[in-house]
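Here is the structure we will look at.
Below, chains carry the letters A, B, ... as their sequence lines are ordered, and counting in each starts from 1.
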Protein chains: 2
Amino acid sequence: MDKGSRSPAMTDVARLAGVSHQTVSRVLNDHPNVKEQTRIRVRAAIAELGYRPNRAARALVTGRSQLIGVVARNSTLFGPATMLSEFEQAAADAGFAVSVGSVHELDRSSISAVVDRHLDQRVAGLVVIANTASATEALAEIPGDLPVVFIDGDPDSGRPLVTVDQVAGARAATRHLLDAGHETVWHVSGPTDWFDSAGRIQGWRQTLEEAGAEVPPLLSADWSAAEGYRTGQMLARMPEVTAIFTANDHLALGILRALHERGRRVPHDVSVVGFDDVPEAAYFIPPLTTVRQAFGDVARAALSLLLGQMRDENGTANQIVVPPQLIVRESAPRRV
Amino acid sequence: MDKGSRSPAMTDVARLAGVSHQTVSRVLNDHPNVKEQTRIRVRAAIAELGYRPNRAARALVTGRSQLIGVVARNSTLFGPATMLSEFEQAAADAGFAVSVGSVHELDRSSISAVVDRHLDQRVAGLVVIANTASATEALAEIPGDLPVVFIDGDPDSGRPLVTVDQVAGARAATRHLLDAGHETVWHVSGPTDWFDSAGRIQGWRQTLEEAGAEVPPLLSADWSAAEGYRTGQMLARMPEVTAIFTANDHLALGILRALHERGRRVPHDVSVVGFDDVPEAAYFIPPLTTVRQAFGDVARAALSLLLGQMRDENGTANQIVVPPQLIVRESAPRRV
DNA sequence: TTCAGAAATGTTATCGATAACATCCGCTTT
DNA sequence: AAAGCGGATGTTATCGATAACATTTCTGAA
């Protein structure tokens with residue numbers, strides 16, 4: 001309440017409660033051997049002084065902070081941005097602050113630099129949104145004793161990982177289009193070095209093969225509406241293309257526009273399915289059928305894996321896969 | 001290089017260089033009174049050991065960390081997300097880490113909680129993305145000696161502030177539509193308690209009044225495509241509506257779809273101008289004329305104000321206004 | 001009643017940096 | 001040649017917490 005003076009330290013609390021600072025520390029850290037009555041007295045003193053522990057001091061002596069570092073590609077893409085936001089929220093609820101470290105590219109030296117910065121800050125754990133193979137490689141240097149969780153990383157790395165089941169999502173999308181009567185499905189993928197892209201390609205291809213459908217050539221792009229548009233201009237000229245599955249909603253937006261310009265009606269002539277379910281997807285022309293990823297669930301799962309590692313030393317490398325959900329709208333209805 | 005052992009401390013460097021740890025500290029902090037030769041010797045020792053200072057220890061003794069706290073609404077909206085990402089990048093270049101603190105609502109108690117968390121971490125400064133009036137009010141509790149910069153906050157608060165010139169952006173958009181021959185311009189605003197919204201409303205209204213045009217009733221919405229769509233359904237039924245200026249691109253997207261459904265052609269029957277220039281705006285149907293905000297410039301300006309405050313105590317409350325830019329595309333061409 | 005052992009609490013050392021002050025050295029100045 | 005001075009460096013105290021060990025107090029069994 002009193003602004004002017006310096007914020008109270010543990011010894012101030014101790015003096016007021018008539019105990020030693022060590023006892024205050026024990027109360028703060030929920031040590032068992034403190035008499036209930038003392039505990040109450042100390043808590044009262046803490047409340048009265050408005051005391052809050054100095055994290056820097058704690059970090060110095062324990063070598064660990066209440067800070068979780070996040071390594072992410074510098075990006076305003078819907079997926080990563082949402083993931084970061086959700087993770088921060090979950091971490092805050094658990095009493096952790098989150099320090100972001102963006103990188104332009106997920107190459108070795110950029111990642112090293114960011115990881116170093118996080119180690120400087122003595123982060124208690126690290127979350128790596130490692131959506132490309134190059135990122136996974138670059139992480140050899142993370143000290144073994146630092147808890148780390150990967151999001152969208154390499155499933156075969158054996159490290160703790162949380163990911164959306166991209167293969168299942170792609171299968172659902174492809175299956176949906178086949179079931180609607182299309183002979184085959186074209187796929188516009190994201191950059192092929194992203195794990196997300198790879199999983200979606202795999203699910204798409206598998207589903208076509210299992211159905212005995214012809215597998216058209218793979219078209220790959222970046223994640224932008226611009227490339228979706230360019231690719232769409234080509235696809236729009238090919239009358240045999242009646243169903244397109246794109247690796248994200250922005251690509252789909254570009255494709256919708258290209259189809260529209262060429263006079264190919266969606267879904268009458270061509271059906272389109274996206275991926276992500278960005279909030280605007282329901283307002284595309286026409287509303288987009290897409291695959292929703294539960295980013296919030298992913299973020300919370302990642303946090304719980306991380307906290308688990310911080311508690312037990314024997315962090316069994318756990319992997320969590322979150323299922324996606326197909327959202328059917330007009331761009332690809334059940335039946336054309 | 002040697003992973004196994006604990007990371008070296010200042011005394012290790014001192015021993016290797018044959019000086020005292022204080023001299024090492026002086027070299028690290030660029031103090032003037034160190035002989036060049038000694039400086040070189042110490043730098044060599046630092047490099048050899050791969051020494052990097054312990055931020056926690058430094059924070060403890062100085063009471064300040066190399067950490068900048070950001071308070072933002074928990075949001076994946078394009079503006080705030082981009083701003084955060086850009087700011088983090090700029091801060092990293094200046095050697096600062098960024099700790100995010102999201103809040104669901106910018107009300108007093110949520111903000112207090114986040115600010116408290118940041119104070120716990122002994123942040124060196126605070127950036128508040130305070131786009132509503134309620135946020136500004138809630139910030140009384142920030143200690144006066146802590147450097148703070150507001151982004152998109154209250155221009156009349158007198159506190160250091162960086163903002164995009166919303167009024168100018170709205171004027172350019174409205175002017176553009178009037179110049180194209182429209183008798184008046186309708187406006188779909190964002191939530192009226194956002195400063196951004198208020199500035200855009202003001203610019204729109206001023207421009208109409210100056211041109212002697214009738215000012216239609218203000219339509220206000222949230223920032224979503226969903227509400228844009230609902231509002232658009234109404235506007236599409238009114239034949240006198242020929243020009244619409246929306247407070248962001250997602251609203252415009254919803255409106256485009258509503259117009260499309262009602263058979264009103266854009267731009268032939270109705271012209272539409274958005275705000276933000278999200279990357280997909282160029283691929284809407286039709287491509288969207290909009291107002292681009294230079295978020296990167298805003299972020300860098302905010303950082304430099306903050307660093308300025310950290311250096312001099314006499315932080316003159318400076319305000320920086322970044323101009324926006326009209327991007328003309330098909331949804332509202334120069335001439336219909 | 002006494003004593004062992006556990007529970008409760010206190011004392012002192014420590015983490016790794018910066019701040020404040022002390023010292024040493026070489027040079028100018030008189 | 002002695003005093004004075006400032007540049008270069010070293011010594012010691014300090015920030016605020018936890019760890020390790022020491023001590024006191026309580027409890028229950030012999």
Side-chain angles (χ1 to χ4, degrees), chain A residues 5-43 45-46 49-67 95 97 119-124 145 310, chain B residues 5-43 45-46 49-67 95 97 119-124 145 310:
Chain A
S5 59
R6 203 175 63 268
S7 56
M10 196 173 263
T11 50
D12 301 315
V13 175
R15 199 175 311 120
L16 181 61
V19 297
S20 75
H21 68 272
Q22 183 59 253
T23 299
V24 176
S25 172
R26 280 191 266 257
V27 170
L28 246 50
N29 293 286
D30 288 322
H31 276 248
N33 296 344
V34 178
K35 215 196 295 179
E36 190 55 28
Q37 188 187 336
T38 313
R39 199 182 294 273
I40 289 168
R41 207 144 34 91
V42 170
R43 289 248 168 75
I46 288 175
L49 293 177
Y51 166 80
R52 282 169 312 121
N54 183 323
R55 300 284 173 93
R58 182 181 292 177
L60 178 58
V61 66
T62 61
R64 281 284 138 90
S65 62
Q66 285 285 93
L67 196 62
L119 294 179
D120 267 7
Q121 301 280 339
R122 298 293 191 273
V123 294
D145 59 341
M310 290 179 194
Chain B
S5 59
R6 202 173 67 268
S7 56
M10 197 173 262
T11 51
D12 300 317
V13 175
R15 198 175 312 119
L16 181 60
V19 297
S20 75
H21 67 274
Q22 184 58 254
T23 299
V24 176
S25 173
R26 280 192 265 258
V27 170
L28 246 48
N29 293 286
D30 288 323
H31 276 251
N33 296 344
V34 178
K35 215 196 298 177
E36 190 54 29
Q37 189 188 336
T38 314
R39 198 182 294 274
I40 289 169
R41 205 142 36 89
V42 169
R43 288 248 168 75
I46 288 175
L49 292 177
Y51 165 80
R52 282 170 312 121
N54 184 325
R55 298 284 173 92
R58 180 181 297 177
L60 177 59
V61 67
T62 61
R64 281 284 138 90
S65 61
Q66 285 285 94
L67 197 61
L119 294 179
D120 266 8
Q121 301 280 338
R122 297 292 191 275
V123 292
D145 59 341
M310 290 180 195

Can you measure from [atom1] ([X]) to [atom2] ([Y]) and round to the nearest 0.5 angstrom?
X       : Y       : atom1 : atom2 : value
A:Arg39 : A:Leu28 : CZ    : CG    : 10.5 Å
A:Arg15 : A:Ser20 : CZ    : OG    : 12.5 Å
A:Ile46 : A:Asp12 : CD1   : CG    : 12.0 Å

Point to revise | Set of residues satisfying salt bridge (charged side-chain N to carboxylate O under 4.0 Å, His left out) with respect to A:Arg55, sequence neighbours excluded | key: B:Asp120
Exercise for review: Please list residues of residues 20-30 of chain B whose heavy atoms come under 4.0 Å from any atom in DNA chain D, ordered by number; otherwise none.
Suggested key: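 Close to the strand are B:Ser20, B:His21, B:Gln22, B:Thr23, B:Arg26.
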Measure the distance from [atom1] on [X] to [atom2] on [N] and round it to the nearest whole Å.
X       : N      : atom1 : atom2 : value
A:Gln37 : D:dT25 : CD    : P     : 15 Å
B:Arg55 : C:dT18 : CZ    : P     : 11 Å
B:Ile40 : D:dT9  : CD1   : P     : 12 Å
B:Arg64 : D:dC15 : CZ    : P     : 17 Å
B:Asn33 : D:dG7  : CG    : P     : 6 Å
B:His31 : D:dG6  : NE2   : C1'   : 17 Å
A:Glu36 : C:dT9  : CD    : P     : 11 Å
B:Leu60 : D:dC15 : CG    : C1'   : 4 Å

**Study point:** A:Tyr51 and A:Val42, any side-chain heavy atoms less than 4.5 Å apart
**Key:** no
Review point. Taking C-beta and beyond as the side chain, do A:Val27 and A:Arg43 meet within less than 4.5 Å on heavy atoms?
Key: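 Yes, their side chains come closer than 4.5 Å.
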Point to revise | Sugar-phosphate only, base, or nothing, as touched by A:Asn54 at under 4.0 Å among non-hydrogen atoms | key: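 Result for A:Asn54 = sugar-phosphate.
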Review point. Of all the nucleotides listed (D:dA8, C:dC15, D:dG10), which has the minimum atom distance to the side chain of A:Val61?
Key: C:dC15
Point to revise | Closest nucleotide among D:dA8, D:dA17, C:dG10 to the A:Met10 side chain | key: D:dA17
Review point. Of all heavy-atom pairs between B:Ala124 and B:Ser65, which one has the smallest distance, and what is that distance?
Key: CB-O, 3.0 Å
Check your understanding: Is any side-chain nitrogen or oxygen of B:Thr38 closer than 4.0 Å to OP1 or OP2 of D:dT9?
Key -> yes
